[in-house]
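Throughout, protein chains are lettered first and strands after them, A, B, ... in sequence-line order, and every chain is numbered starting at 1.
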Amino acid sequence: MKEAFAGEPAFVPYLAAGDPNYEASIEYVEALERGGADVIELGLPFSEPIAEGPTIQEAVVRSLEGGMTPERFFEFVEDLDVAVPLVCMTYYNLIYQYGEGEGPEPFVERAAEVGISGFVVPDLPAEEADPLREACDAYGLDLVFIVAPTTAGDRLERIMDQVSGYVYVQARLGVTGAKDDVSDQTGASLERLREWDVPKAVGFGIKTGEHAASVVEAGADGVIVGSALVDIVAEGHENETSVTATAERLETKARELKRGALDAGDRRSGESMPESEPT
Amino acid sequence: MTATDTKFGEYGGQYVPEALMPAIEELTEAYERYVLENEDGFMDEFRDRLRDFGGRPTPLQYAEHLSERYDADVYLKREDLVHGGAHKLNNALGQVLLAKYMGKERIVAETGAGQHGTATAMAAAHLGLPCEIYMGERDINRQRPNVFRMKLNGSDVNPVTTGRGTLKEAISETMRDWATNVEDTHYVIGSVVGPAPFPAMVRDFQAVISEEAREQSLEKTGGLPDTVVACAGGGSNTMGAFAEFVGDTDTDLVAVEAGGSSLDVDEDAGVAPNSASLSTGEEGVLHGARTKLLQDGDGQILESHSVSSGLDYAGVGPELAHLVDEGRVRAANVDDDAALAAFHRLSRLEGIIPALETAHAFAWAEEHPEELGDVSVINVSGRGDKDLESVVEETEKRDVDGAVDVGEVFE
């Protein structure tokens, strides 16, 4: 998955699979790829999403009420017509309970089978992650970890030992949700991870192309956007907008975010050119 | 990581968002220093405040009429006499004091029946820290007197409208607040649940119940009880009542859960009409710990039910789950009807109006008098004033054995 971040700043959108229903959600995820997504994070809804703010929590409720289950999620991934890597974002209990017996392996095996490239599990810190890490290694999947503004010292090293694919840099404290400004903690957070040999993608609170540009300018290799996109799905659902119209809005928004990231990337490489290409 | 073990057998652990992990490490360190090592005289101050502010020790009272009824010596550990009317103060006072020692400036807590919220609000007022409490909207409607008490003590009460608006949703919401304000805020978890070190720390604060009961039993009866009975929701009064007896293997420990209206589960509807996670739950991960949970085959958490909002939770403390697996604690359950009948019975027989939670323990004794042995201790975890409205409503709905005519009372 690392390759998705090579060359230019990556745009990593998130949607909850099955929100507000299975068929529309397929259209929405595909629209994100048309809009320039390099990796897509797909939420498998859990009934107690403790790391999420109200926007994604409501998406989770809509998806669960529409009948989303882990098995249905895997079918959803199979039904998607997208070429970019897909990351499953879910909570540990669903991974742990899947299949016969206990432990994460059956879930990982099935995810690999349908073409999932990796996982983000917000309630699984590095301390508890060994069983999932082992299963991911066995099936060649990446395990993405979140680094928070509060993460420091030994914890950073513990995460560095476990992380693969990319590291999810949490731009500010709190839960997910679009904000009107991007935290100035981002630069400091990225600085702490400078030596890590893994792409750094920044998320939490990014809503506009300008936000995307500012995190790339701060040194991010990628931009993760969830709530701002889920808002578009929610509005479409509430206003009974056609699926096609909502998909178009998502595509346009994706284009704006990707463009913001690219422009900042161009500026950044322009500035750093003399250093990176010595004559 | 510190030396404190985060697990009880395979249960426990620390399954929380990364942003909270440093706070949990900080709390673990504070727990080890202040609670386990009594640094700066923390535990001495805690004990002093429990005595002078909290009203401890609580009596171990001989229950004449129940003893006669069951032809055995029944003793009541009167946690309903703790300031605030429930065992919850033991933990809330301990944690708010610890927060103060840690230099935290703000307290958040969740509450189901309102007892923990009330205790936390009282402790925060007593120790001079601002406090915000999250409570499910449905529980706010079921427990209005406690909501008023929290506000009187100067706390803000934030209604939680997600899901079914009960304790499970309130815990999730409080974790979100904590994740946002983790640098200056301490989350006072209300039971022996959540990520380590909470289950062990809350147990230690509640262990004063069994510490006193054990001494009082030796003093009054010359020996240890044959049985200790406590109701179990999350399990804080249960672990408090059991902790010091765990090593006394001749003493049976019975944790009585809310069997609700049925032990059957409707997976399609996502509903368990009970809160009996020890009796019927499966191992899983919720709210920071691996424990026994009411969940469907996919791992989605079921909505639980109990006539008592204080027991209405889909999980249980990891240590209790472990002790049940080990065979040291017996998990039992009684249904809503039996608990209501016990509420009326204890009120009439002994002049003690118990919390609906507590009534479950008494209902089990009524159904199994032969299992109490010669001497038993039943933990009166709290008093029932807060439940009067629910009891009137629920009693009118059904034919409760031995109930007073509540309609007539309120005419």
Side-chain angles (χ1 to χ4, degrees), chain A residues 44-54 57-58 60-61 64-65 67-73 90-99 102 107 121-129 145-156 158-159 167-170 172-177 204, chain B residues 1-2 6-7 10 12-26 161-164 168-169 171-185 194-196 267-268 270 282-291 293-303 314-315:
Chain A
L44 162 56
F46 177 50
S47 55
E48 318 300 320
I50 55 172
E52 316 294 353
Q57 195 186 11
E58 282 161 24
V60 164
V61 171
L64 286 173
E65 281 175 354
M68 184 50 72
T69 64
E71 197 46 56
R72 192 92 174 114
F73 176 85
T90 194
Y91 287 76
Y92 193 54
N93 201 43
L94 299 191
I95 295 176
Y96 182 75
Q97 298 300 335
Y98 186 83
E102 279 160 352
F107 188 93
V121 190
D123 66 341
L124 190 72
E127 282 78 357
E128 307 285 357
F145 281 87
I146 297 173
V147 169
T150 43
T151 311
D154 291 352
R155 294 206 48 73
L156 279 171
R158 213 168 294 142
I159 294 170
V167 56
Y168 187 140
V169 182
Q170 187 177 328
R172 58 180 168 76
L173 278 177
V175 291
T176 57
F204 271 52
Chain B
M1 198 70 232
T2 53
T6 67
K7 298 254 164 58
E10 59 195 306
Q14 297 171 317
Y15 296 85
V16 293
E18 175 57 33
L20 290 179
M21 284 302 290
I24 286 186
E25 288 190 333
E26 186 189 353
T161 54
T162 50
R164 211 166 54 102
K168 169 166 82 68
E169 290 80 14
I171 293 181
S172 295
E173 203 57 41
T174 318
M175 286 208 162
R176 292 189 187 104
D177 182 312
W178 197 27
T180 309
N181 302 296
V182 63
E183 286 162 317
D184 67 354
T185 298
E267 278 209 15
D268 291 336
E282 302 270 344
E283 190 181 330
V285 174
L286 176 66
H287 291 145
R290 180 178 297 204
T291 186
L293 300 175
L294 300 174
Q295 56 183 324
D296 68 16
D298 288 331
Q300 304 290 2
I301 307 306
L302 297 170
E303 297 293 352

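- Panel note: side chain A/N93, backbone B/G299; a donor-acceptor pair is recorded below 3.5 Å.
- The side-chain heavy atoms of A/L124 and B/V285, taken from C-beta on, include no pair separated by under 4.5 Å.
- Rounding to the nearest 0.5 angstrom, the gap separating the CE atom in B/M21 from the CD1 atom in A/I146 is 13.0 Å.
- Heavy-atom pairs under 4.5 Å with chain A peak, among B/E173, B/K7, B/E282, B/M175, at B/K7.
- Of all the listed residues (B/T174, B/V16, B/I171, B/V182), the one sharing the greatest number of non-hydrogen pairs under 4.5 Å with chain A is B/V16.
- Annotation: the span from A/E127 atom CD to B/T6 atom OG1 amounts to 9.0 Å, rounded to 0.5 Å.
- Of the candidates A/T150, A/D123, A/I159, A/I159 is the only one forming a side chain to side chain contact (heavy atoms under 4.5 Å, CB included) with B/E18.
- Only the side chain of B/Q295 comes within less than 4.5 Å of a heavy atom in chain A; its backbone stays farther off.
- Only the side chain of B/L293 comes within contact range of chain A, with heavy atoms under 4.5 Å apart.
- Scanning all heavy atoms of the two residues, the minimum distance from B/R290 to A/Y92 falls at NH2-CE2, 4.1 Å.
- Neither the backbone nor the side chain of A/I95 has a heavy atom closer than 4.5 Å to any heavy atom of chain B.
- In terms of heavy-atom proximity, A/A148 sits nearest to B/A19 at CB-CA, 3.5 Å.
- Rounded to the nearest 0.5 Å, atoms CD (B/E25) and CG (A/D154) are 7.5 Å apart.
- With a 4.5 Å cut-off on non-hydrogen atoms, A/Y96 touches chain B through its side chain but not through its backbone.
- Here the shortest heavy-atom pairing between B/Q300 and A/P45 reads NE2-O, 2.8 Å.
- A/I50 has its side chain within reach of B/H287: a pair of non-hydrogen atoms, C-beta onward, lies under 4.5 Å apart.
- With A/E128 contributing its side chain and B/Y15 its backbone, the two residues share no donor-acceptor pair below 3.5 Å.
- The line from OH of A/Y91 to CG of B/L286 is 11.5 Å long, rounded to the nearest 0.5 Å.
- Minimum interatomic distance between B/S172 and A/E48 (heavy atoms only, all atoms of both residues): OG-OE1, 3.8 Å.
- The contact between A/Q57 and chain B is made entirely by side chain atoms (from C-beta outward), counting heavy-atom distances below 4.5 Å.
- The most heavy-atom pairs under 4.5 Å with chain B, out of A/L64, A/L94, A/V61, come from A/L94.
- Side-chain N or O atoms of B/E283 include none that pairs as donor or acceptor with a backbone N or O of A/Q97 at under 3.5 Å.
- Considering every non-hydrogen atom in both B/D298 and A/P70, the closest pair reads CG-CD, 3.5 Å.
- In this structure, chain B has a heavy atom under 4.5 Å from the backbone of A/P122, while its side chain stays farther away.
- Using a 4.5 Å cut-off between heavy atoms, A/P49 contacts chain B through both its backbone and its side chain.
- Using a 4.5 Å cut-off between heavy atoms, B/L302 does not touch chain A at all.
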